[in-house]
Amino acid sequence: MSIIKHRILGDHRGQLVAIEGQKDVPFEVKRVFYIYGTQLGVPRGQHSHHKTQQYLIALNGSCKVTLDDGKKKITYDLNQPNIGLLQDALVWGTMHDFTPDCVLLVLASEHYDEADYIRNYDDFLKVVGA
Ligand code: T46
């Protein structure tokens, strides 16, 4: 679980941020998805993955992400398009407090596979031995 700040490659035309798999994030990027149009007060996520690592960036607006490894919970503010949060496998993630304009980009280390999800918190605690 770590925050990564990316260099902004800006010039008089505007800003650009480049993120390369296995360089700027510690995995090969196999999947990209994004969340927007979230409802006020409605959290997303609330699950963990057996294998998938994720990297989250609020491209627009802001949200909070609470990561829980079974022992400790830390809440991060994502509010800049050049700052991302690494969510390791076997970490329970909850995305919440989205601003209405939030676009949350997620880079993932694996293709989508529902079998990789742990969607029950008690099962998660058993898997991590907490
Ligand atoms: C996460 C947060 C931020 C797919 O078909 N392919 C995909 O790659 C994903 C991520 C989802 N789906 C399907 C599965 C469900 O039928 O899209 C539907 C909504 O997925 P889910 O309920 O998992 O959505 P969130 O917003 O609760 O969670 C998603 C990711 O699953 C999760 O890993 O960190 O976004």
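When a ligand or atom number is given, it counts from 1 through the structure's own listing order.
- Protein heavy atom in closest approach to atom 29 (C) of ligand 1: Phe33 CE1, 3.8 Å.
- Protein heavy atom at the shortest distance from atom 11 (C) of ligand 1 is Tyr112 CE1, 3.8 Å.
- In summary, Lys71 and Asp69 do not engage in a salt bridge, as defined by a charged side-chain N under 4.0 Å from a carboxylate O.
- Assignment of Glu110 to the shell around ligand 1 is not supported, since no heavy atom sits closer than 4.0 Å.
- At least one heavy atom of His47 sits closer than 4.0 Å to an atom of ligand 1.
- For CG of Leu40, the number of neighbouring non-hydrogen atoms (other residues, nucleotides, ligands) closer than 6.0 Å is 12 at most.
- Residue contacts with ligand 1 for Gln54 involve side-chain atoms from C-beta outward but no N, CA, C or O (heavy atoms, distance under 4.0 Å).
- The minimum heavy-atom distance linking Leu90 with Val128 is given by the pair O-CG1, 3.8 Å.
- Under the 4.0 angstrom criterion, atom 26 (O) of ligand 1 counts as having a protein heavy-atom contact.
- Set against the non-hydrogen atoms of Arg31, the atoms of ligand 1 under 4.0 Å away are 7 (C), 8 (O), 9 (C), 10 (C).
- The stretch residues 102-118 participates, sequence neighbours left out, in these side-chain hydrogen bond (donor to acceptor under 3.5 Å, both in side chains) pairs: Thr52-Asp116, Tyr112-Glu114, Glu114-Arg119.
- A 6.0 Å sphere centred on NZ of Lys30 holds more than 12 heavy atoms belonging to other residues, nucleotides or ligands.
- Residue Arg119 places at least one N or O, backbone or side chain, under 3.5 Å from an N or O of ligand 1.
- Close approach of ligand 1 to Ile35 is summarised as follows: ligand atoms under 4.0 Å from at least one heavy atom of the residue are 2 (C), 3 (C), 26 (O), 35 (O).
- Counting only heavy atoms of the protein, atom 31 (O) of ligand 1 lies nearest to Tyr117 OH, 2.6 Å.
- Distance check for atom 16 (O) of ligand 1: every protein heavy atom is found at 4.0 Å or beyond.
- Under a 4.0 Å heavy-atom criterion, Gly45 is in contact with ligand 1.
- Considering only heavy atoms from C-beta on, Tyr55 stays 4.5 Å or farther from Leu85 through its side chain.
- Close approach to His49 involves these atoms of ligand 1, each under 4.0 Å from a residue heavy atom: 33 (O).
- In this structure, of Glu114, His111, Met95, Arg44, the residue bringing a heavy atom nearest to atom 24 (O) of ligand 1 is Arg44.
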Name every donor-acceptor pair, under 3.5 Å, that has one atom in a side chain of residues 94-102 and the other anywhere in the protein, sequence neighbours excluded.
unit_1: His96; atom_1: NE2; unit_2: Thr66; atom_2: OG1; d: 2.8
unit_1: Thr99; atom_1: OG1; unit_2: Ser62; atom_2: N; d: 2.9
unit_1: Thr99; atom_1: OG1; unit_2: Ser62; atom_2: O; d: 3.3
unit_1: Thr99; atom_1: OG1; unit_2: Asp101; atom_2: OD1; d: 2.6

What verdict does the side chain to side chain contact (heavy atoms under 4.5 Å, CB included) test give for Leu16 and Ile8, after you've listed the backbone C-alpha separation in whole Å, the side-chain angles of each residue and the deciding distance to 0.1 Å?
CA-CA 6 Å; Leu16 186 153; Ile8 299 175; over 6 Å; no

Quick one: do Ile19 and Val25 satisfy side chain to side chain contact (heavy atoms under 4.5 Å, CB included)? Show the steps, please.
CA-CA 7 Å; Ile19 299 173; Val25 292; 3.9 Å; yes

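- Within a 4.0 Å radius of atom 19 (C) of ligand 1, the protein contributes no non-hydrogen atoms.
- Between Tyr121 and Phe124, the two ring planes are tilted [angle within 30° to 60°].
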